[in-house]
Amino acid sequence: MARPRLRVWPGTPYPMGATWDGAGTNFAIFSAHAEKVELCLFDESGRRETARIQLPEYTHEIWHGYLPDVRAGQLYGYRVYGPYDPAAGHRFNHHKLLLDPYAKSLHGAVHWDPALFGYVVGEDVYRSFDRHDSARFMPKCRVIDPAFTWGGGAPPARAWQDTVIYEMHVRGFTMLHPEIPRRVRGTFDGLGAAPVIEYLRDLGVTAVELLPVHAFLHDGHLVEKGLRNYWGYNSIAFFAPHNEYLRSGRIDEFKIFVQLMHEAGIEVILDVVYNHTAEGNHLGPTLSLRGIDNKTYYYLMEGDERHYNDFTGTGNSLELRHPYVLRMVTDSLRYWADEMKVDGFRFDLATTLARVSGQYYENASFLDVVGQDPLLVTKKLIAEPWDTGQGGYHLGNFPPGWAEWNDRYRDTVRRFWKGDDGQLPELASRLAGSSDIYDRRGRPAWSSINFVTAHDGFTMNDLVSYERKHNEDNLEDNRDGSDNNCSWNCGAEGPTDDPAILELRRRQMRNMLATLLLSQGVPMLLAGDELAHTQRGNNNAYCQDNELTWIDWGGLDDAARELRAFVRKLIRLRREHVVFRRHRFFRGELIPGTNVKDITWWRPDGVEMSARDWHTGQGRSIAFLISGEAGQYHLDQRGEGQSDDSFLVMLNAGADPVEYVLPGESSLPRRSVVIDTARCDDCEFGGGADPGGSYLMQARSFVLIRYQPAAAERGAGYGAGLDAAEEPEAGDTRRRSQREAT
């Protein structure tokens, strides 16, 4: 049966990708070295190719054509003709169906087969040429209709210093949630359901940071073992949401999720992977960029273009020095920021994005383009400031406007509470916002994204339960994952029935959570840590899409509920007191117009610490007083200062109690204990302070004491911040969340 003839017009080279304009569809794809490009159309099942059309025009290295008979919903892919010459960097193979780099939606998934590879598997990878058609094993791109009616409410636009980030996984958060219907668990519909939104609002977080949601594939070697790529750091399409997270396959589900989060006052930040693709090294499959224009899209070895520069540990790196590759990445960012309304991005292995001739460069094109873009510059931009290549560690070296994951904060807090010697000087800097790292070029205290745990590594529970990784379930003989965990099992490796060890573990979790949420900078909490979620010692659970990583909502005991209440009240405390979320760094100097310092570091005998005190190697306790007058340097939108209570923060990681003489300035007469993690009622704020002049800190405990002036002495801005009265009512959130059903 003859295929129907489709009308083909020249079309335009812009915009890139497949663009439905209400009458037909324009197709445009970049390839500088191709000799011919064919557009392949498929039926609605994606299994039968219905038409193959040569794109008629080539303008500015962009192949393009307009098909007035193609509508939204059409499935398609490309075949690109050109030289197959790996030694020269070319890997064209028109027998391989290729994904459009600008595809907004995908249908189906990769099914591993030798036909996916441009060379003959088992033969010389540089000389052999595979002629098997890969179409039946490939997902297909889908032309979309972008029309969507957004609600009238503006995004939350939280100030950086008011932000509390919650790192979570779309699938893992709801797969075991008893209040989420089974049909929507593990999807954006499930994540936008009323029980999830109400939980997040009740906890108090202001932003969710989602592990990668760009379309990704499950690596062949994992599939062979019966495993999956759970984390998703293996992108194959930078514009398309991952299919498995869409219940119906419609991208509207993601937009509805974002709108519901915004209505609840919660921002959405995406973890994005632009440093590499799922095509891997020279032995990898031909799925998209490799077959479209390998020499342009990838960072090839100079003088040996058969191989790839690998700064990521995944086999390849994108060549962001090329203007069209840079454009593809920034177009993707603008698409998610504008069309999908997300509020920010966390850039995986961000150093790779700013490498010029192999070296990190603070004025690299990528950083310059993002910094001058009027849309992107308004979004929250977070760098993971390292990669796996030589000279790849650049904490503190990203430009103004960027925040950065602070792994020195993570390691220092872990080592301190583990009881390691010599941690006090660095701990003090981390608690105070890491000015030694970020205080340059006008960068503020929120430049530091503080975290103790993240998806990569131990959970908080495992951090106090295991001293060694236990990654046997990954089927790599426990060779994968870091051996540098800075963890302490409190006396037993893994599960135990010893009540003393269990109580110590609970206290250690409270200690680290209190430290995290009351430090200067922006705290990031790992989803499930507030419930003592465990991965049974697996510190590299990237391939565990199962009950090991999914949050278990069904069996929460009293200890888990108490820990959640503790975290909720810590977040509330941070929200209500500006001294814990300053924009500016502390100076340790007298506040103008007063006789007190913004921050003062105290010895146990009540004397201010001297330079010599900082270098006591065995010191395992530290205390500091934050003056409420320091709130004058936290300006609201009207430019008015906010005074606050003063707080004495005391941390004792030692095995013995420490008695602290309490500061007692006459201007701060009222004193009360807010937190003592060694007390049984530490989940309930309040309680009187020792009427005497000292406080006995128990071993391995965190204590917070409030110095509260009389109401008349407070500034007009006291307590200003994210007032609950300004947030949507829970009932309103519930009703809005129910829109998912329609």
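Not measured: the values here are computed from a predicted model.
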Distance-only polar pair, side chains of Thr534 and Asp462, donor-acceptor under 3.5 Å: yes

Test salt bridge (Lys or Arg N to Asp or Glu O under 4.0 Å) on Arg587 and Asp439 and set out the steps. CA-CA 11 Å; Arg587 296 300 178 195; Asp439 190 8; 2.6 Å; yes

Any donor-acceptor N or O pair under 3.5 Å, side chains Ser448, Asn406: yes

With a 3.5 Å distance limit and no angle check, can you tell me whether His322 reaches the backbone of Tyr324 through a side-chain donor-acceptor pair? yes

Looking only at side-chain N and O atoms, does Gln544 offer a donor or acceptor that is under 3.5 Å from a partner on Asn474? yes

State which residue, out of Phe173, Tyr542, Tyr166, Tyr233, fulfils the ring pair (Phe, Tyr, Trp, His ring centres under 6.0 Å) condition with His455. Tyr233

Answer with yes or no whether the side chains of Trp417 and Thr515 bring together a donor and an acceptor at under 3.5 Å. yes

Classify the side-chain pair Thr352/Asp387 by whether it contains a donor and acceptor separated by less than 3.5 Å. yes

Could you tell me whether the side chains of Asn461 and Thr459 share a donor-acceptor contact shorter than 3.5 Å? no

Establish, yes or no, whether a centroid distance under 6.0 Å links the rings of Tyr360 and Phe398. yes

Decide side-chain hydrogen bond (donor to acceptor under 3.5 Å, both in side chains) for Tyr298 and Thr277; before the verdict, give the C-alpha distance in whole Å, the side-chain angles of both, and the deciding distance to 0.1 Å. CA-CA 9 Å; Tyr298 288 116; Thr277 76; 2.5 Å; yes

Identify the residue among Tyr245, Phe148, Tyr335, Trp336 that makes a ring pair (Phe, Tyr, Trp, His ring centres under 6.0 Å) with Phe254. Trp336

Just so I know, are the side chains of Phe239 and Asp331 near enough to count as touching, which here means a heavy-atom distance under 4.5 Å? yes

Are a donor atom and an acceptor atom from the side chains of Thr312 and Asp310 found within less than 3.5 Å of each other? yes

Just wondering, are more than 12 heavy atoms of other shown residues or ligands nearer than 6.0 Å to OH in Tyr393? yes

Does Tyr274 have its ring centroid less than 6.0 Å away from the ring centroid of Phe366? no

For the ring pair His169 and Tyr230, is the centre-to-centre distance below 6.0 Å? yes

Are Trp402 and Phe347, when compared by the centres of their aromatic rings, separated by less than 6.0 Å? yes

Report, as yes or no, whether the 6.0 Å neighbourhood of atom CD on Gln372 holds more than 12 heavy atoms from other residues, nucleotides or ligands. yes

